[in-house]
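Note on naming: letters A, B, ... go to the chains in the order of the sequence lines (proteins, then strands), and numbering restarts at 1 for each one. Note that the structure is a prediction, hence the values are computed from the model and not measured. All heavy atoms count here, side chains included; hydrogens, waters and symmetry mates do not.
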There are 2 protein chains.
Amino acid sequence: MRVTREQAAQNRERIVETAARVFREKGFDGIGVADLMKTAGLTHGGFYGHFASKEALLGEAAGRALDGAGDEWRARMAAHPDDPLGAVVRAYLSPAHRDNPGIGCAMSALGADIARAGPVVRDAVTERARAQFALLAQAAPGDSGEERRARAIATYAAMIGAMVLARTVSDPALSEEILAAVAQSLDGSGR
Amino acid sequence: MRVTREQAAQNRERIVETAARVFREKGFDGIGVADLMKTAGLTHGGFYGHFASKEALLGEAAGRALDGAGDEWRARMAAHPDDPLGAVVRAYLSPAHRDNPGIGCAMSALGADIARAGPVVRDAVTERARAQFALLAQAAPGDSGEERRARAIATYAAMIGAMVLARTVSDPALSEEILAAVAQSLDGSGR
DNA sequence: ATTATCTATAGATCTATAGATAATGC
DNA sequence: ATTATCTATAGATCTATAGATAATGC
């Protein structure tokens, strides 16, 4: 039954990645530890050798998901030096993102769950939020660092709210209208 | 045991109001039917005489909460004819709202839960979202109805995302910064 | 010998229902 | 007679743990 130290580390990794996806898809309470481990190809009892609790996993999974978003944003910004912020905004506010929460923004998919979690989870997420603000601020317009930072925060908030709204409404036309309206409002020329 | 028809209607009402508050505070999975009924002063088994399922209650509770927000916005807009949208935005983006999700915006507190619910719940919420867009559009600036509507949607999205972010981060100073940055970005003069 | 994983289970909780109770409303 | 509420429980699920197993790594 026992596996190599390296295999154990890979198993832990797969649990985190699986949780990062499934928590975003179903919510923190939407899947139990047993089903989560089965999805990762492991058994229920093995979980507690890797994590102190299900909530401890939430902190790692949310952190992992947000780090991934940061990497993606950085790449997109580098690929669009003419309009880095616009490139991030357009990808974020796409129907593809709306329809695939499991690989999307953890803040819009898990924000409420994280807000109700303990300090370890919230601290881990706060650290990533700071990093994302700083990253978006690099691409945001403004005459000073403070202005660019404020613009970055406001842009991120609008994206998150748009995604929550677009996923909530049941009318596809209304959902697209929400994404388009917010994308337009965040367009540099539009403000 | 049996109560008057009127008392039964009041009991149903109290279940909806209790759920509207507790679901926003703890999330849909954060409280069970038994505890919910106890909080409402009733017993577990009585629930299913009023509602077909716990999810059916979510639809009514979310609808009720959003209708309440609409009423509050309308009153605030009437009280500030000089800056109706600003008045709504300032109240929404207040620390008091952040710290009291149970009586606050259902979209920011329950958006992800609603997005995962069935069509009955999502249709009920979609209807209210339309009403809120129309209400905010009355107060939004713009040269045409389409412009005002788009501005209303973008404003609502920014408010929701700001609240999700402000409740998620564990650093109070960062949380206030988020509320302030989004409030400033939505300020008529700021855009 | 250590340890990563396994099976099995404790104990608590969940939604939903069955059937009893007792007061209303015809 | 009807019905709103009650108690009690079925059956499923949940998190977490205990103890066995078996392969690694000293």
Side-chain angles (χ1 to χ4, degrees), chain A residues 1-20 22-23 25-62 110 112-114 116-121, chain B residues 1-20 22-23 25-62 110 112-114 116-121:
Chain A
M1 300 289 172
R2 189 189 175 195
V3 299
T4 66
R5 191 168 295 194
E6 190 184 5
Q7 179 62 252
Q10 282 179 21
N11 288 347
R12 187 183 201 283
E13 193 67 9
R14 188 152 70 249
I15 298 170
V16 174
E17 293 288 345
T18 301
V22 184
F23 284 165
E25 287 171 357
K26 300 171 183 275
F28 179 64
D29 293 320
I31 187 165
V33 172
D35 274 0
L36 191 66
M37 289 295 277
K38 183 183 272 186
T39 303
L42 296 165
T43 55
H44 183 181
F47 178 83
Y48 294 91
H50 292 292
F51 305 96
S53 66
K54 190 189 178 192
E55 184 172 311
L57 173 62
L58 173 61
E60 293 213 29
L110 291 173
D113 284 338
I114 295 165
R116 284 186 289 263
V120 172
V121 173
Chain B
M1 300 289 175
R2 189 187 175 195
V3 300
T4 65
R5 190 168 295 194
E6 189 184 5
Q7 180 61 252
Q10 282 180 21
N11 288 346
R12 188 184 200 283
E13 191 68 9
R14 189 153 69 248
I15 298 169
V16 174
E17 293 288 345
T18 300
V22 183
F23 284 165
E25 286 171 358
K26 300 170 184 275
F28 179 63
D29 293 320
I31 187 165
V33 172
D35 275 358
L36 191 66
M37 288 296 276
K38 184 184 272 187
T39 303
L42 297 164
T43 56
H44 183 182
F47 179 84
Y48 293 90
H50 291 290
F51 305 97
S53 67
K54 190 189 177 192
E55 184 173 309
L57 174 62
L58 174 61
E60 293 213 29
L110 291 173
D113 284 337
I114 294 164
R116 285 186 289 262
V120 173
V121 172

What is the distance from CG of B:L36 to C1' of C:dC14, rounded to the nearest Å? 13 Å
If I take atom CG from residue A:L42 and atom CD1 from residue A:I15, how far apart are they, to the nearest 0.5 angstrom? 5.5 Å
Expressed as a whole number of angstroms, how long is the span from B:H50:NE2 to C:dT17:C1'? 16 Å
Rounded interatomic separation in angstrom, taking CG from A:L57 and P from D:dA16: 11 Å
At their closest point, which heavy atom of B:I114 faces which heavy atom of B:A62, and how far apart are they? CD1-CB, 4.1 Å
Taking pairing as Watson-Crick or G-U wobble with both contacts under 3.5 Å, can you name the mate of C:dA4, or confirm there isn't one? D:dT21
Please state whether the phosphate of C:dT17, meaning OP1 or OP2, lies under 4.0 angstrom from any side-chain nitrogen or oxygen of B:Y48. no
Find the distance between CG (B:L110) and NZ (B:K26) and round it off to the nearest 0.5 Å. 13.5 Å
Consider the side chain of A:V33, meaning its heavy atoms from C-beta on, and name the nucleotide among D:dA4, C:dT5, D:dT15 that approaches it most closely. D:dT15
Side chains of residues 53-60 of chain B: which donor-acceptor partners sit under 3.5 Å, not counting sequence neighbours?
from, atom 1, to, atom 2, distance (Å)
B:S53, OG, B:E55, N, 3.4
B:S53, OG, B:A56, N, 3.1
B:K54, NZ, B:F28, O, 2.7
B:K54, NZ, B:I31, O, 2.9
B:E55, OE2, B:G118, N, 2.8
B:E60, OE1, B:R12, NH1, 3.0
B:E60, OE2, B:R12, NH1, 3.4
B:E60, OE2, B:R12, NH2, 2.7

Rounded distance (Å) that lies between atom C1' of D:dT5 and atom CD of B:Q7: 11 Å
Take atom CD of A:E55 and atom P of D:dA16, then tell me their distance rounded to the nearest Å. 9 Å
Could you check how far CG of B:L58 sits from P of C:dT15, rounded to whole Å? 12 Å
Establish whether the base of D:dT2 is bridged to the side chain of B:R2 by a donor-acceptor pair shorter than 3.5 Å. yes
Please tell me if A:H44 has a side-chain N or O lying less than 4.0 Å from either OP1 or OP2 of C:dT9. no
note: B:K54, atom NZ; C:dT17, atom P; distance rounded to Å ~ 15 Å
Nucleotide paired to C:dG11 in any strand shown, Watson-Crick or G-U, under 3.5 Å: D:dC14
Earlier contact from the 5' end, DNA chain C, for A:T4 and B:D29: A:T4
Testing the basics here: between B:A8 and B:H50, what is the closest heavy-atom pair and its distance to 0.1 Å? O-CE1, 3.5 Å
Round to the nearest Å and state the distance from B:M37 atom CE to D:dA4 atom P. 13 Å
Under 4.0 angstrom, heavy atoms only, what part of the nucleic acid is A:G32 near: base, sugar-phosphate, or nothing? sugar-phosphate
